[in-house]
Number of protein chains: 2
Amino acid sequence: MRTEHSRITDPTGEPPAGTPGLRADALHNRTRILETAREAFSTTGLDVSMAEIARRSGVGIATLYRRFPTKEALVTEAFSDQFAECVSVVDDALAHPDPWHGFCWVVEKVCAMQAVDRGFTMAFLSAFPDAAAFEKKRADAEHSFARLIQRAKDAGGLRADFAYEDLILLLLANGGVVTGSAAKAPEASRRLVAYLLEAFRADRAAPPADLPPAPSLDLEQVYCPPTA
Amino acid sequence: MRTEHSRITDPTGEPPAGTPGLRADALHNRTRILETAREAFSTTGLDVSMAEIARRSGVGIATLYRRFPTKEALVTEAFSDQFAECVSVVDDALAHPDPWHGFCWVVEKVCAMQAVDRGFTMAFLSAFPDAAAFEKKRADAEHSFARLIQRAKDAGGLRADFAYEDLILLLLANGGVVTGSAAKAPEASRRLVAYLLEAFRADRAAPPADLPPAPSLDLEQVYCPPTA
DNA sequence: CACCAAGCGGAGAACCCTCTCCACTTGCCT
DNA sequence: AGGCAAGTGGAGAGGGTTCTCCGCTTGGTG
């Protein structure tokens with residue numbers, strides 16, 4: 001038998017078990033910190049200081065830093081739920097009977113998430129590129145999305161020269177609109193997405209294809225603004 | 001007659017006469033500072049420190065600050081040329097015989113300028129919203145652009161529900177793509193612009209107009225990221 | 001050619017930020 | 001009930017930024 005304090009050992013091996021054996025009060029604090037952080041990052045953006053989050057959570061800075069050794073760790077953890085939601089949105093879209101509508105749905109959904117949450121936008125556009133925790137999920141989502149694209153093309157809804165990188169292009173564009181349009185972000189984002197989806201349609205047969213080639217974008221090599 | 005040092009009084013009342021009576025060496029420094037700043041802001045973005053600019057210019061920080069009392073002043077001055085170029089691009093477009101091509105031309109041109117100059121993008125998207133020096137020019141450009149839109153609509157090239165705010169939408173989107181795609185910015189920007197221009201065309205008769213209404217964006221109320 | 005205001009450089013003030021150290025308190029198990 | 005590891009808070013280190021102060025240098029003119 002364990003002579004140590006046999007913490008909340010969490011017999012269910014559930015995924016978010018990032019909290020191995022934590023004393024009850026500590027766990028409570030951790031939860032509060034995460035709530036505060038989510039709230040703050042959502043409304044203000046990623047550039048809320050750690051001191052501010054500690055203050056709003058009613059804990060000392062040291063506590064915050066013991067639970068989340070770096071700011072990056074806190075951000076990663078705070079947004080992991082929404083990130084997972086993104087992934088599941090893609091999977092839902094694959095289940096949609098009409099490939100083109102599935103495609104539109106996922107684009108609209110993810111962009112709407114970006115629009116409503118400033119911090120998520122930044123986190124998503126890999127403001128912290130080495131958030132290894134996201135990598136696996138991102139890879140999965142990429143794979144699923146590639147299938148979604150193929151299906152939508154085959155069904156004739158999506159133009160044939162649509163490239164996977166165009167999704168990143170759209171996300172970056174949407175990110176710019178969202179961070180740029182403040183309170184009006186949701187409407188602005190919706191309008192941009194509507195325009196772009198229209199341009200992505202196959203039926204409006206592409207004019208002399210004067211579309212420049214896709215520049216092989218990669219969320220990894222994305223520039224991260226002055227958040228660091 | 002003036003008993004003071006009768007500086008370079010600049011008899012030509014040329015517009016950029018922001019330098020009233022400056023000693024020769026001082027003026028030389030000022031020029032060098034501006035060159036350095038333009039270069040630095042272009043490649044690195046607006047978040048180059050004043051100390052760095054002073055160092056690269058080979059002057060002390062105090063000199064830099066005496067010539068440009070705030071960083072904002074320096075940015076404003078550094079980009080005033082390119083800003084003026086934007087304005088003239090719009091005017092050139094108005095001279096173009098084909099309204100739709102004129103419209104496309106100005107959009108492509110301005111977005112290309114954004115794509116090639118990271119600092120200009122930030123400055124343009126009013127990272128410094130109270131740069132009063134820009135206000136007049138901006139107002140002029142807005143007016144000219146409104147005429148351009150009307151002409152393009154009348155000629156049947158531009159879809160009728162295009163709103164002036166869509167230009168801002170496009171600029172913000174382009175800004176996001178540019179800051180997000182680092183070295184590949186020019187290609188990425190060109191591809192985005194091609195997509196959007198396609199969506200703006202009138203001929204591809206708008207489907208059941210499920211386009212959300214334009215959200216009355218305004219470059220004034222634009223959120224400025226963590227540049228300040 | 002001498003004078004002196006204009007111009008200069010760099011130290012440092014004041015303010016942010018992230019993250020660390022350490023003495024004190026407290027939950028939990030025996 | 002008592003012991004002790006786990007948990008805590010706040011001061012402060014170390015880095016960044018913009019911008020200021022002040023004593024020294026120098027261009028240009030009478």
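Remember, it's a predicted structure, so these values are computed and weren't measured experimentally. A, B, ... follow the sequence lines: proteins, then strands. Residue 1 opens every chain.
For B:Y65, taking side-chain heavy atoms from C-beta onward, the closest of the listed nucleotides D:dC19, C:dG7, D:dA5 is D:dC19. You'll find that the side chain of A:A62 is closest to D:dG9, out of D:dG9, C:dT26, D:dC21. In this structure, the nucleotide among D:dG9, D:dG7, C:dC28 sitting nearest to the side chain of A:L22 is D:dG7. With distances taken from any side-chain atom of A:K71 to the nucleotides C:dT18, D:dG28, C:dC28, the minimum falls on C:dT18. With D:dC19, C:dC19, D:dG28 as the candidates, the nucleotide lying closest to the side chain of A:I61 is C:dC19.
In this structure, the CD1 atom of B:I33 is 8 Å from the P atom of C:dG9, given to the nearest Å. If you measure from atom CG of B:L46 to atom P of D:dT17, you get 14 Å, rounded to the nearest angstrom. For B:H28 and D:dG27, the NE2 to C1' distance is 14 Å, given to the nearest whole Å. One can place CE of B:M50 at 16 Å from C1' of C:dG10, the figure rounded to the nearest angstrom. Atom P of nucleotide D:dG7 and atom CZ of A:R23 are separated by 6 Å, given to the nearest angstrom. Whole-Å rounding puts the B:E52 CD to D:dC19 C1' distance at 17 Å. Per the geometry, CZ belonging to B:R55 stands 14 Å off P belonging to D:dT18, to the nearest Å. Rounded to whole angstrom, the span from the CZ atom of A:F68 across to the C1' atom of C:dT18 amounts to 16 Å.
Ring geometry for B:F124 against B:F83 counts as tilted: the plane angle lies between 30° and 60°, on a 0 to 90° scale. Between A:F162 and A:F103, the ring planes lie perpendicular to each other; the angle is over 60°, past the 30° to 60° tilted range.
When each of B:D25 and B:A51 is assigned the nucleotide of DNA chain D bearing its nearest heavy atom, the one mapping closer to the 5' terminus is B:A51.
Between B:R66 and C:dC8 there is a side-chain polar atom (N or O) within less than 4.0 angstrom of OP1 or OP2. Phosphate contact (OP1/OP2 of D:dT8, side-chain N/O of A:R67, threshold under 4.0 Å): present. Under 4.0 angstrom from either OP1 or OP2 of D:dG7 there lies no side-chain N or O belonging to A:N29. For A:T63, a side-chain nitrogen or oxygen approaches OP1 or OP2 of D:dG9 to under 4.0 Å.
The residues A:E77 and A:R30 are annotated as salt-bridged, a charged nitrogen and a carboxylate oxygen being separated by less than 4.0 angstrom.
Annotation for A:C86 and A:F120: closest pair SG-CZ, 3.6 Å, computed over non-hydrogen atoms.
Under the 3.5 Å distance criterion, with hydrogens and angles disregarded, a donor-acceptor pair is assigned to the side chains of B:D117 and B:S42.
Residue contacts shown for B:A26 are limited to sugar-phosphate atoms, with no base heavy atom under 4.0 Å away.
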